[in-house]
A.B. asks: 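Structure incoming, see below.
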Amino acid sequence: MNNNTSGKRMYEFSSRIFPYLRSITGQGVRDTLKDIEEYISQPEQGYNPPKLNICEIPTGTKVFDWTVPREWIIREAYIENEKKEHIIDIKDHNLHVLGYSLPVDEWVDLEELKKHVYVEEKQPEVIPYVTSYYKDRFGFCMSKDMLDSLPEGKYHMYVDSELIDGHLTYADVIIPGDTDREIMFSTYFCHPSMANNECSGLALAAELIRFVAEMPSKRFTYRFVFVPETIGSITYLATENHVDYLKKHLEAGFVLSCVGDNRDYSIVRSKYGDTLADRALLSVLKYKDHYTNYSFRERGSDERQYNSAGVDLPVVCFCRSKFGEYPEYHTSADNLDLISEEGYQGSFDAMSELIRALEYNRHYNMKVMCEPQLGKRGLYPDISRKGSYDAIMTQRDVISYADGRNDLIDLSEIINVPADEIIDVIDKLIDADLIEALD
Amino acid sequence: MNNNTSGKRMYEFSSRIFPYLRSITGQGVRDTLKDIEEYISQPEQGYNPPKLNICEIPTGTKVFDWTVPREWIIREAYIENEKKEHIIDIKDHNLHVLGYSLPVDEWVDLEELKKHVYVEEKQPEVIPYVTSYYKDRFGFCMSKDMLDSLPEGKYHMYVDSELIDGHLTYADVIIPGDTDREIMFSTYFCHPSMANNECSGLALAAELIRFVAEMPSKRFTYRFVFVPETIGSITYLATENHVDYLKKHLEAGFVLSCVGDNRDYSIVRSKYGDTLADRALLSVLKYKDHYTNYSFRERGSDERQYNSAGVDLPVVCFCRSKFGEYPEYHTSADNLDLISEEGYQGSFDAMSELIRALEYNRHYNMKVMCEPQLGKRGLYPDISRKGSYDAIMTQRDVISYADGRNDLIDLSEIINVPADEIIDVIDKLIDADLIEALD
Amino acid sequence: MNNNTSGKRMYEFSSRIFPYLRSITGQGVRDTLKDIEEYISQPEQGYNPPKLNICEIPTGTKVFDWTVPREWIIREAYIENEKKEHIIDIKDHNLHVLGYSLPVDEWVDLEELKKHVYVEEKQPEVIPYVTSYYKDRFGFCMSKDMLDSLPEGKYHMYVDSELIDGHLTYADVIIPGDTDREIMFSTYFCHPSMANNECSGLALAAELIRFVAEMPSKRFTYRFVFVPETIGSITYLATENHVDYLKKHLEAGFVLSCVGDNRDYSIVRSKYGDTLADRALLSVLKYKDHYTNYSFRERGSDERQYNSAGVDLPVVCFCRSKFGEYPEYHTSADNLDLISEEGYQGSFDAMSELIRALEYNRHYNMKVMCEPQLGKRGLYPDISRKGSYDAIMTQRDVISYADGRNDLIDLSEIINVPADEIIDVIDKLIDADLIEALD
């Protein structure tokens with residue numbers, strides 16, 4: 001496993017992509033992808049850099065029940081007062097403009113201005129994140145404290161934006177393994193400057209691409225998906241036969257969301273909570289100091305689409321603090337102070353344990369009848385007395401339950417020992433030619 | 001749903017049939033059926049009045065392991081003292097005679113009299129309800145207080161009764177629906193003046209016949225069964241191929257017993273507790289202020305026969321206060337004061353919710369892949385910000401779980417929302433052509 | 001059921017075999033088997049004495065992953081001090097020599113002596129039981145108190161032993177029943193003077209052989225297995241096709257271990273805890289004043305081999321205080337004071353209840369539809385009033401659930417009544433020709 005350099009590298013990457021003004025379409029997304037491309041192709045890693053496939057889907061394309069929306073171009077947005085002072089400006093913080101705001105250029109009094117400004121009533125000091133993708137309107141966001149402090153007078157509402165027939169952009173990376181059975185990680189770009197609920201998923205996915213590419217061998221093919229949330233995953237599934245292909249090949253998928261803070265670990269389970277993705281992630285999180293197990297009813301990111309009726313893919317969501325559950329969520333307080341190298345490293349470690357568990361998740365079977373004679377192989381104490389067996393209980397239990405009925409995650413569940421420790425035992429037993437994988 | 005007029009109407013009907021001296025056979029039963037027939041054919045309801053089929057099974061007919069007993073004719077029964085005063089008389093209360101008492105006409109002293117009088121030791125003020133259908137004896141019932149107060153002296157035991165080769169009477173009503181798959185309600189007449197444990201089941205069944213007959217459409221055929229308890233349900237099952245027909249066609253059955261008081265709601269589950277009848281009734285009762293969930297081991301009414309080995313029909317029992325669990329049970333205190341319009345209305349509302357849930361209990365499937373775009377249909381908020389989704393959670397959950405695996409009751413269970421609310425969502429989604437029923 | 005004479009007889013038998021110096025091979029084992037042979041062929045029992053089949057497997061025989069070890073001959077073992085006093089001597093207690101000790105004849109100082117003496121640090125007053133079957137070494141055991149009290153000086157370590165190419169001895173008894181479906185009891189001989197963890201299993205198995213042989217009829221064939229622990233059960237399974245035969249014919253097996261004390265009842269469940277052996281033993285233990293339910297992860301006796309991957313037989317372990325869980329375990333304190341006639345009788349009663357439950361463990365089916373008319377058969381109260389049914393609830397429940405789906409143990413579980421009481425009901429219903437067994 002990598003040392004803490006992963007956490008550091010991911011944090012630095014987040015800082016770089018944090019300022020881009022992303023939305024569900026547009027230049028912010030393209031700039032972000034360019035940085036990801038560079039990140040995953042660093043020559044010093046000594047592996048064949050995987051290819052980032054970028055796909056542009058035209059406005060108006062039918063994607064299941066939806067239509068790819070117009071592309072949003074945003075150039076300038078501010079409110080100025082009579083003294084020509086910019087009260088707010090997206091140059092200062094790109095949350096100040098309503099996502100997908102129409103253009104406007106109008107002087108109004110304070111009362112009229114207020115109709116177009118969104119604040120977060122219960123958190124007066126933050127700028128909220130607000131969007132209006134599918135209903136035409138213009139608008140601004142600011143802190144309630146600022147709005148309350150505005151004196152009567154005239155204000156200039158100015159947004160220089162355009163909604164054009166353009167494209168929705170998504171991307172993926174496929175790293176082939178020994179089989180075409182797939183593990184998927186999916187994350188999103190569509191939020192402007194938010195650190196945990198945006199940049200962190202991108203940074204972790206990019207780091208995992210490097211990790212997987214460096215794995216000397218892999219049973220599974222790995223797919224990494226970068227999409228704008230909701231409309232993007234719908235578009236991804238609807239295009240290039242992705243949904244049919246994934247329904248045939250996907251064994252487990254993981255949405256990465258809010259993975260950069262260091263407060264908790266979380267899973268949002270799949271629709272019925274019983275897929276390999278649920279089992280594998282739970283078997284990892286169970287051994288963290290703390291984790292929260294959310295049911296699918298508390299979903300919110302692209303696990304929604306992957307689990308939707310008709311799609312029904314085995315996908316869960318992995319978070320540190322879950323979206324919607326931490327106070328900074330969807331506000332300007334979700335910034336680079338909220339995330340940390342330690343938080344990232346914890347996420348990376350959990351995901352690399354998860355990948356290792358999945359790679360070893362096979363049905364094991366002992367090659368001898370009865371318990372093997374471990375003593376002659378140096379795998380057993382050679383003197384029998386009270387207490388001499390404690391140290392080898394895991395080995396003893398793996399041997400008993402490796403009867404062809406249980407995969408690695410079953411073994412971990414039955415024996416109540418982390419998958420990582422069981423893998424060590426399995427490696428020893430494979431070396432001793434005592435065990436075999438059946439699948 | 002009807003307003004409170006149902007409760008009022010049922011209460012009035014109970015008052016009318018309360019005084020009849022019913023037993024498992026005889027004139028009391030026939031008089032009761034005549035009143036039911038009238039109740040269900042009230043012209044002001046504006047529907048085709050369903051037909052009450054009355055069936056008379058001769059004494060001596062073999063019904064499985066049993067034989068239809070002789071018919072009991074009871075004309076007079078009293079105990080008089082030396083002053084010719086009637087200490088008790090069935091003219092005052094028809095519980096005073098032992099059910100199926102043989103005739104007697106004998107003067108005895110107090111000690112001998114006591115051998116033929118049944119009292120309820122722990123409730124000295126009530127007349128108990130006692131019967132002896134299958135062993136020939138005569139007898140009387142009175143309150144313990146009265147028996148204790150009797151002075152020494154001679155007493156005249158007088159019963160003018162007859163056990164003749166006659167008939168056992170039962171009846172049913174069949175209201176056809178779109179399919180021959182059946183929902184059954186079964187209740188009993190065999191107790192003389194008892195309000196909750198007799199009249200209430202009859203009144204509710206009669207009211208439900210009107211309700212079902214008035215339903216504009218129905219997937220199921222509805223069967224309402226009126227029998228004397230135990231021997232009657234056995235006779236019903238044993239005759240006219242009912243058992244074979246029901247084993248083929250019955251989807252869910254409900255014994256109605258003690259449904260007129262207003263203290264609790266209860267279910268006595270089926271033998272294994274896993275039938276559609278269990279699931280449907282539990283999904284309704286779960287949302288009442290309080291209910292009690294009895295296992296089949298606490299059975300007592302005709303759910304016994306319907307669930308018996310070899311019969312094995314999906315039948316539960318619905319009660320307010322369960323038989324045997326309330327102090328007035330099987331005594332003269334089970335009178336018209338124990339039941340109420342409110343109690344009846346509660347039962348009627350529960351049963352009409354149950355019927356609605358059963359009618360809608362189909363497997364639903366979304367007609368589009370991924371989540372549909374609800375915004376363009378006015379089914380979703382058009383602006384996205386913290387908290388804007390709470391109101392539509394039920395709709396969102398129905399959409400996710402309508403994947404062909406779940407029927408309405410599953411959905412209610414998974415989503416933890418009453419079936420009634422889910423039906424409203426389903427109706428909206430059907431109107432939007434987004435969902436279909438698979439069965 | 002036998003009266004307390006069983007407990008007394010087993011206790012006396014233990015006293016007799018307690019002093020033999022048993023190990024996994026050798027004369028102690030053969031002496032023990034001779035006594036068992038005599039015990040089970042007592043002429044006063046009036047039955048055909050079953051045959052004890054003794055089998056000698058040569059040193060060097062391959063048994064799955066193991067090899068039958070050399071036979072250990074032990075003649076003398078002591079430590080003497082400079083005054084020629086025997087500090088310890090196996091004539092005083094046969095735990096004083098390390099099991100399978102090599103010969104030695106050497107004078108050493110105290111420091112060197114200590115390298116070859118095993119003590120139990122936490123129980124300074126007991127001699128521990130220590131063996132070294134598969135690694136060549138010599139050694140002695142004594143109490144820590146004694147070792148600590150030894151003065152500096154020279155000590156003579158003397159063991160006159162030999163490891164020869166001889167045999168491993170095992171034995172079994174087969175008592176045929178109506179079918180070749182088998183119930184197995186397995187116990188072990190390999191510990192020298194230990195009462196609960198050795199003699200008790202042998203005594204109970206021997207007593208059960210007498211009990212089973214005296215049963216007038218039996219559906220099952222009964223197999224009793226006597227082996228040294230671990231290597232013995234492996235050898236038993238590996239030879240004479242036993243493993244294949246048992247995989248075809250064994251319905252339930254019970255390892256008997258530590259069954260002579262009177263402190264608790266215990267089960268160590270099978271690997272998945274779901275076999276007939278688990279169900280049957282749990283249904284008996286559930287009604288004891290107290291019992292402990294250990295998972296397979298706390299296994300330790302021959303249930304290890306019987307449940308091992310590839311063998312996978314339905315075998316649990318029955319104990320009073322479980323091995324490893326009581327302080328006297330594997331020390332000189334596991335002596336004849338620890339076990340008692342009462343302890344033995346409790347074990348015997350449990351096992352005879354178990355055998356009765358297994359013999360009656362069939363799927364029952366009522367021969368009539370609906371509840372039968374029990375009154376006419378004297379199986380039901382002939383007068384109906386509050387409370388008159390309590391006494392016959394078990395009968396009523398058996399009748400309902402005897403629908404072909406449930407075996408005796410299911411019935412006991414569903415009805416929550418001991419199997420013994422249900423058997424009484426079933427016998428009555430069979431007499432009345434109301435019920436039949438389907439298998």
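All values below were derived from every heavy atom in this structure, side-chain atoms included, with hydrogens, water molecules and symmetry-related copies excluded. Below, chains carry the letters A, B, ... as their sequence lines are ordered, and counting in each starts from 1.
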A.B. asks: Report yes if some heavy atom in the side chain of C:Asp397 is under 4.5 Å from a heavy atom in the side chain of B:Phe296; otherwise report no.
C.D. replies: no
A.B. asks: Any side-chain heavy atom of C:Val368 within less than 4.5 Å of one from B:Trp66?
C.D. replies: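 Contact flag for C:Val368/B:Trp66 side chains = no.
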A.B. asks: Please look at B:Val63 and chain C and tell me whether the side chain, the backbone, both or neither of the residue comes under 4.5 angstrom of a heavy atom of that chain.
C.D. replies: neither
A.B. asks: Please answer whether the main-chain N or O of B:Lys271 pairs with a side-chain N or O of C:Tyr401 as donor and acceptor at a distance below 3.5 Å.
C.D. replies: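 Yes; at least one donor-acceptor contact below 3.5 Å.
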A.B. asks: To the nearest 0.5 Å, what is the distance between OH on B:Tyr134 and NZ on C:Lys376?
C.D. replies: 10.5 Å
A.B. asks: Who passes side-chain hydrogen bond (donor to acceptor under 3.5 Å, both in side chains) against B:Lys248, sequence neighbours left out?
C.D. replies: none
A.B. asks: Sequence neighbours excluded, which residues qualify as ring pair (Phe, Tyr, Trp, His ring centres under 6.0 Å) partners of C:Tyr287?
C.D. replies: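 With neighbours one apart ignored, the set is empty.
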A.B. asks: Testing the basics here: between C:Met366 and B:Ala309, what is the closest heavy-atom pair and its distance to 0.1 Å?
C.D. replies: CG-CB, 3.8 Å
A.B. asks: Got a second to check how far B:Asn307's CG is from C:Glu371's CD, nearest 0.5 Å?
C.D. replies: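 Here the interatomic distance stands at 10.0 Å.
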A.B. asks: Between C:Asp403 and B:Gly310 (side chain of the first, backbone of the second, donor and acceptor by atom type, cut-off under 3.5 Å), is there such a pair?
C.D. replies: no
A.B. asks: Are side-chain N/O atoms of B:Arg297 and C:Ser400 paired as donor and acceptor at under 3.5 Å?
C.D. replies: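 The answer is no; no qualifying pair exists.
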A.B. asks: Heavy-atom distance under 4.5 Å to chain B: side chain of C:Lys367, backbone, both or neither?
C.D. replies: neither
A.B. asks: Using non-hydrogen atoms only, which part of C:Ile415 is less than 4.5 Å away from chain B: side chain, backbone, both, or neither?
C.D. replies: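 When you check distances to chain B, atoms from both the backbone and side chain of C:Ile415 fall under 4.5 Å.
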